[in-house]
Each structure stands twice: as structure tokens, then as C-alpha cells.
K.L.:
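Sending over a structure as C-alpha cells; questions will come in a sec.
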Amino acid sequence: MSLRGKAAIVGCGETPVDRLGRRPGEPRRSSPEYLAWAARLALQDAGLQKRDLDGQGLAAIYTTNYGQPFWPEEAADILGVSPRLLIGGGNGGASAVSLLGQAAAAISSGLADLVLCIAAAAPFAESHPTIRSGDIRDLELPFGMMGPNSKVALIMRRHMHEYGTTLEQLGKIAVTARYHATLNPNAYLRKPLTLQEYQSSRLIADPVKLLDCVMPVNGGKAFIVASPERAQRLAKPPVYLLGFGERDNPAYGPRSHSDSLVTGLSEAGRLALEMAGLRHADIHFLELYDDYVIVVLMQIEDLGFCRKGDREFFDSTDFSFKGKLPIQTGGGMINCGQPSTTGGIVHVIEAVRQLRGEGGKRQVKEAERGMVTGLGSLAYGKNFGCTAVAVLGSEI
């Protein structure tokens, strides 16, 4: 089934982010408060009322710091709406893009006319028990794998070994994203960054440095998906879903020894472009999931914009909003902050802004089509377990 032109994003909501709750006595907000705030902003952006969501769809992303097994239903209760369709996003950082595809499928099938996709997290303000799966507890932690930083360090070192990837190439991506963040009033980190500052930042898990890593924050984000017919009657220009692809639990080579330098985006990206009927040259910008800088570089490779290990490409390509291949035009999640798995919505919202022409000083000239990615669940010995790609456009 093709989803091309079957649904459009019609509203976005993004709360300011913060790190309140780190110190005793600080004012703070809860996840439900950020959730309601983000929903209100998305509804205002679309020119809708809360009552318009009754009898429609609600897609809520599970966050890692809020241990509620019935979270989508609780989200409906918090928002005070009665949806006919509940969708739960359990794909980690890939959930935002995955839910976009699921929302479009639900609309295309007639199950709903509107779907609110939403998430919020307050990791600094709330404390909930952490439940670790048996494989992590018994087989990873005892051998020194202390979370995603350790796993990404192995992948980054391997990429450097196989392809000669340098800190200069990675730093170029980091500096470009921060430059875009200086032009984005919604970014959290807006101080200009130099290549030397990136290279000299302290080690976290060799070779991963502090400025390679995303920063946790509190916040909420949302977007609303509608049928094309409904979209034409709303406040803002619709941004259409042109193509979608998803690959979960991928393995390249033997499953017991998969190639950790290849992600499922190599398949998901191909599927999304085929559905959209487009080529790489037709894409005007990329909004790539960026919990780590090395992950951005690998996605550009896996999506087919260059060969694997093409050092000359990364040395010569201008990734700024004025360049040949603009990426992370709002600064990305690394500079806007990661409210747990809510962070993937950052890239969807920035793509919508660019395609509406709302990028301000960072607006990509004549942006008509963009690609958004999501990644989730970094598995030891492989790569991301959940991958999703969407191609968005200002016209069908």
C-alpha cells in the first residue's frame, strides 16, 4: 500500500525545554503538564479546538522515564479527549517517524480523519523506577556496557578503523548543526561552536566526546496529521507525507555477528524514496535523528547520499542551510535537547517549518521536499533496532 499523499501534517506544538529539577527547590513541571502544553500549541497552530480530537486518533510515545504501561490511555485522560483509535509508540527515538506512518495508514483506511501524535518527558523533574531487561542486566552491565555511550563508542571506533573517519569530519557536522541552532530561537544551545572546541571536549567513552552526545531535557512536542481533504480547510499550509519506510530488528550478515556499521535506514530510506517516486537529487534537506554525531554521518551514508566511508564527500560538502545538502537545519536534537523519546519529534517539526517557509534566518531556499529519520533501541553487537524514514513535501 502506498501512503503517498494520503495524509498531511497540519499542526505542530513544541514547548520550551529546560533542565529544572536537578537541584532541590527548583520550580518544575511534570510530564502531563508538558504533554497538555504541547497539545494546546499544536491545536492552535492547526486552527483546531480540543473537541475536534474526540472520535479521532491519538498516538502517544512511551518515554523511558515514565513507567506507565497504559500510557496512551493516560495521555487521553490528561488531555481530556475521547479518541476512537489509540496508538502506542514503543520504538524509542524512531517512534515519531513511525507514528507518522501509522497515522497516515489509519487515515488512509478511514479509521480517523485526524491523529494527534504527541510525547512529553520530564526526566529531571520526575523519578520513576528503571526496569532493565534481562539481557542488559545479566549480559551487558557485568561486562562494562554502561548504556548507549559505551555502545556508540564501539561503533564510532570501528567506523574510524574501517574508513579512516576523522574528528574533523565529525566536527564539521557538529559545528554546522550548532550554527543552525544559533539561528533557531527554540534551540537550547545557541552559543557558536568551533571545531577546536568540539575536538577538545572531554571524553565520555573513548572516542565519544561530550559534544558528540545529545543533552537530556524536560519538554513536550506534538504534531497533528490529517486527511488531505481536512488539511485544505485548516489554518496552515499542509505538509504531505510522500514516502515512508520502516525496518526493525535489522541484521546485516549473520545475526550472531551483524555488521554494526550498517543501519536499517539503508532499507527504510530506499522504500521511502520509492514510495515517493523521488531520487536523492530531489531531496532539498535532511533532518536526521542525532543522539550522537557519528550517527548523523552514518545515516547520510546509509540513505545513499554518498558511499560508505566516502571521506572526500564529507570534506567537500557544505551541509549548511545554504549548501548543497542542508542537514539539521534547526540545530538538531543535540542542540535543541532530548526529552527522552520525545526528541524524535524535533526533526518532524523542523521539516514542517522548512516546508512551510517558516525557517526564518535558517530557511533553505526553495525547500519543497525533505527527509526525516528516526532511530531507536541501540542493540549491543548490531546497530539501532528501530529505524524509520519519511519523505515530506509541500505539494503532492
Side-chain angles (χ1 to χ4, degrees), residues 92-94 135-136 139-178 193-216 249-266 288-315 317 319 327-328 332-335 338 343 373-387:
D135 59 333
I136 294 175
L139 301 175
E140 292 185 14
L141 290 176
F143 293 93
M145 296 308 299
M146 305 302 291
N149 291 338
S150 299
K151 296 176 184 179
V152 166
L154 295 178
I155 292 171
M156 183 171 169
R157 180 60 74 192
R158 189 67 192 176
H159 202 281
M160 289 176 156
H161 173 77
E162 290 286 346
Y163 302 115
T165 309
T166 67
L167 289 179
E168 287 76 14
Q169 290 158 347
L170 295 166
K172 180 179 180 178
I173 292 172
V175 170
T176 299
R178 181 65 66 86
L193 175 69
T194 67
L195 179 60
Q196 182 178 7
E197 287 171 331
Y198 165 79
Q199 292 175 313
S200 62
S201 62
R202 64 183 174 89
L203 281 174
I204 300 298
D206 194 11
V208 174
K209 295 177 175 293
L210 178 65
L211 294 178
D212 282 307
C213 306
V214 75
M215 177 186 62
N249 193 33
Y252 300 95
R255 282 200 172 270
S256 60
H257 195 66
S258 177
D259 186 347
S260 63
L261 300 185
V262 182
T263 72
L265 293 185
S266 58
L288 305 172
Y289 191 83
D290 58 342
D291 47 356
Y292 297 92
V293 174
I294 183 63
V295 170
V296 175
L297 184 147
M298 291 173 60
Q299 289 177 85
I300 295 171
E301 296 174 333
D302 286 350
L303 290 170
F305 287 90
C306 70
R307 302 186 313 276
K308 205 75 173 171
D310 189 345
R311 293 173 59 183
E312 182 180 351
F313 175 85
F314 287 100
D315 288 336
T317 301
F319 295 116
I327 65 171
Q328 319 306 86
M333 193 170 64
I334 279 183
N335 294 298
Q338 181 190 40
T373 68
L375 303 171
S377 181
L378 185 57
Y380 174 73
K382 294 196 296 184
N383 205 290
F384 287 92
C386 303
T387 63

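Worth knowing before you read on, the calculation uses all heavy atoms, side chains too, and leaves out hydrogens, waters and symmetry mates.
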K.L.:
Can you find a heavy atom in the side chain of Leu211 that is under 4.5 Å from one in the side chain of Arg178?
P.N.:
yes
K.L.:
Between atom CG of Leu210 and atom CD1 of Ile204, what is the distance when rounded to the nearest 0.5 Å?
P.N.:
5.0 Å
K.L.:
Please assess Asn383 against Tyr252 for the test side-chain hydrogen bond (donor to acceptor under 3.5 Å, both in side chains), listing each intermediate value before the final yes or no.
P.N.:
CA-CA 10 Å; Asn383 205 290; Tyr252 300 95; over 6 Å; no
K.L.:
For the backbone of Phe313 and the side chain of Asp310, can you confirm whether one donor and one acceptor N or O come within less than 3.5 Å of each other?
P.N.:
yes
K.L.:
May I ask you to test the Leu375-Leu265 pair for a side-chain heavy-atom distance under 4.5 Å?
P.N.:
yes
K.L.:
Counting N and O atoms only, with roles assigned by atom type, does the side chain of Gln299 sit under 3.5 Å from a partner on the main chain of Tyr289, one being a donor and the other an acceptor?
P.N.:
yes
K.L.:
Spell out, as yes or no, whether a donor-acceptor pair under 3.5 Å connects the side chain of Ser201 to the backbone of Tyr198.
P.N.:
yes
K.L.:
Evaluate the side-chain proximity of Ile300 to Cys306: yes if any heavy-atom separation is below 4.5 Å, no if none is.
P.N.:
yes
K.L.:
Considering only NZ, NE, NH1 and NH2 on the basic side and carboxylate oxygens on the acidic side, decide whether Glu168 and Lys172 come within less than 4.0 Å.
P.N.:
no
K.L.:
Quick one: closest heavy-atom pair of Ala94 and Cys386, and the distance?
P.N.:
CB-O, 3.7 Å
K.L.:
Donor-acceptor pair, Asp302 side chain versus Thr263 backbone, under 3.5 Å?
P.N.:
yes
K.L.:
Find out whether Phe384 and Asp291 are in side-chain contact, i.e. whether some heavy atom of one side chain is under 4.5 Å from a heavy atom of the other.
P.N.:
yes
K.L.:
To the nearest 0.5 angstrom, please state how far the CD atom of Glu162 sits from the NZ atom of Lys308.
P.N.:
10.5 Å
K.L.:
State the NE2-OG distance between His159 and Ser260, to the nearest 0.5 angstrom.
P.N.:
9.5 Å
K.L.:
Got a second to check how far Thr373's OG1 is from Leu303's CG, nearest 0.5 Å?
P.N.:
6.5 Å
K.L.:
Could you tell me if the side chain of Leu378 sits less than 4.5 Å from the side chain of Ile155, heavy atoms only?
P.N.:
yes
K.L.:
So, does Lys209 use its side chain to make a donor-acceptor pair with the main chain of Gln199 at under 3.5 Å?
P.N.:
yes
K.L.:
Ignoring hydrogens, what is the shortest heavy-atom contact between Pro207 and Ala153? Give both atom names and the distance.
P.N.:
CD-O, 3.5 Å
K.L.:
Do the charged groups of Arg157 and Asp206 touch, with an N to O distance under 4.0 Å?
P.N.:
yes
K.L.:
Which pair of heavy atoms, one from Gly385 and one from Pro250, lies closest together, and at what distance?
P.N.:
O-CD, 3.6 Å
K.L.:
Measuring only between side-chain heavy atoms, which start at C-beta, is Met156 closer than 4.5 Å to Leu261?
P.N.:
no
K.L.:
Give a yes or no on whether the backbone of Met333 and the side-chain of Asp290 come within a donor-acceptor separation of less than 3.5 Å.
P.N.:
yes
K.L.:
Supply the atom-to-atom distance Asn149 CG to Tyr292 OH, rounded to the nearest 0.5 angstrom.
P.N.:
3.5 Å
K.L.:
Provide the closest heavy-atom pair for Gln328 versus Ala177 in the form atom of the first, atom of the second, distance.
P.N.:
CB-CB, 4.1 Å
K.L.:
Do Ile294 and Val152 have side chains that approach each other closer than 4.5 Å (heavy atoms only, starting at C-beta)?
P.N.:
yes
K.L.:
Are Asn335 and Met215 close enough that some pair of their side-chain heavy atoms sits under 4.5 Å apart?
P.N.:
no
K.L.:
Taking Thr165's backbone N and O only, do any of them form a donor-acceptor pair with Gln169's side chain (distance below 3.5 Å, no angle check)?
P.N.:
no
